[in-house]
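When a ligand or atom number is given, it counts from 1 through the structure's own listing order.
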Amino acid sequence: MTKNAKKIIHSDNRQFIQHATVQEAVQKRIIPTDHSSIIPGINVNELKHSLDLLKYALDYSEAIVDTVRLPLIILNKDLQVITANRAFYDIFKLTPKETENQSIYQLNDNAWNIPKLKVLLEKILPKNTIFENYEVEIELPSIGCRTMLLNARRTYRQVNNTEAVLLAFEDITDRKQLEMQKDDFIGIVSHELKTPLTSIKAFAQLLERNLIESKNEKGTYYLSKMTDQMERLTQLVSSFVNVYKIQNGKLTLNKKDFKIDELIDSTVEDFQYITKSHKIVCADKSQISIHADYERIKQVLNNLVSNAIKYSPKEKRIIVSSVKDKNNVKIAVQDFGLGIPNEERSKIFDRFFRVKGKREKGIPGLGLGLYISYEIVAQHKGKLWVDSEEGKGSTFYFTLPIK
Ligand code: ADP
């Protein structure tokens, strides 16, 4: 064999030599010297070049598949393993002998014989479907209980150009456990903080009455500062409790009928009472009644208005409106402040996300308000989104279905 040729042994034990170049194949008399005589009208040099490119592309993709740390297998139309990559053998503690030509359902002592997985896999080739991020918890004799994300799609085998299924596995057990621990921690801490806060607030009210009665102005002033900070702490704890509930599917809705404009008016009034720096105006009014959780929707509007104030340090005007939009009512909160950079716009609804940079410095926040608001609106089968231009301002919209 010349130094560029490679011996290929297939799973069905067929062996042949793969040649690095057409030239080499000619030397070995696999292709006649006079190529043009076998394929009239075709430029042989171009053909040579294409074959070389094809070979390099194949080598390249083989190298990627074998280096990638994600386990991958290729299944034939009967869902038997044709081939697997190194990561597959390493992670599932299997050998090629235990894997190749076996049905996927037989691997790891039949651990993959899962009815839902069967349904998904068995329609990929006949119906040309794919599946993405199918999460499965599985007990594997060799490595124990794992949580896996599976992705599968149709592919073509180089040999005979037959159809096959590419199945990729991602072990997310550690990530899931960490998330659960984090959520448990948030839940416990927020619950433990809530109880003492409630009693501090009650004593602060008694103290305030006492200080007013004894005309202690300095004491009353200090106490009002303490109460402001206590209010912030209460808001933070309540955000953590909400995140915990969302993560655990425990955010329940207590729906009733109400007019959306009444909720908007009362929110604007509350904010205008405590905020002297901004002018909040109600523009269009839809006069629509909805069936929703009043407190939760108020929480969404509170978040949007308080953000509009926080992120408009120089511009004073904020406009809140509601309009009918097909079968929904659409509520908008518009400010003329900092705006949001284009590249960050899609991330602001993520948990703990804050736009980074000088502008956010000194503006308090945890990056939870929009995440919570988004989930609340989604639970009402509505949508929350933003239109924004950096330096010019933002308009946050959310829709709620009309009952
Ligand atoms: P927080 O305000 O506590 O940081 P949010 O989840 O409410 O968290 O908002 C996430 C991020 O989105 C903010 O940190 C800010 O960068 C950006 N943002 C939200 N509302 C506005 C707004 N009205 N104008 C400009 N940026 C905003």
Checklist entry - What about Leu338: any of its N or O atoms under 3.5 Å from an N or O on ligand 1? => result no
Checklist entry - What ring pair (Phe, Tyr, Trp, His ring centres under 6.0 Å) pairs are there with at least one residue in residues 195-220, not counting sequence neighbours? => result none
Next on the checklist: So, 4.0 Å and heavy atoms of Gly367: is ligand 1 close enough to count as a contact?
Outcome noted: yes
Item to check | Phe169/Trp112 aromatic ring centres below 6.0 Å | outcome: yes
Checklist entry - With a cut-off of 4.0 Å, which atoms of ligand 1 are near a heavy atom of Lys310? => result 1 (P), 2 (O), 3 (O)
Item to check | cation_pi(Lys330, Phe398) dist<6.0 Å, angle<=45 | outcome: no
Checklist entry - Going by the atom numbers of ligand 1, which of them fall below 4.0 Å from some non-hydrogen atom of Ile348? => result 10 (C), 12 (O)
Item to check | Electrostatic pair Lys298-Glu295, nearest N-O below 4.0 angstrom | outcome: no
Checklist entry - Could you give all pairs that pass the ring pair (Phe, Tyr, Trp, His ring centres under 6.0 Å) test and reach residues 233-285, with sequence neighbours left out? => result Phe258-Tyr294
Checklist entry - Is it true that Phe396 lies under 4.0 Å from ligand 1, counting heavy atoms only? => result yes
Next on the checklist: Using a 3.5 Å cut-off on N or O atoms only, is Gly365 in polar contact with ligand 1?
Outcome noted: no
Checklist entry - With only distance considered, is Leu370 within less than 3.5 Å of ligand 1 through an N or O on each side? => result yes
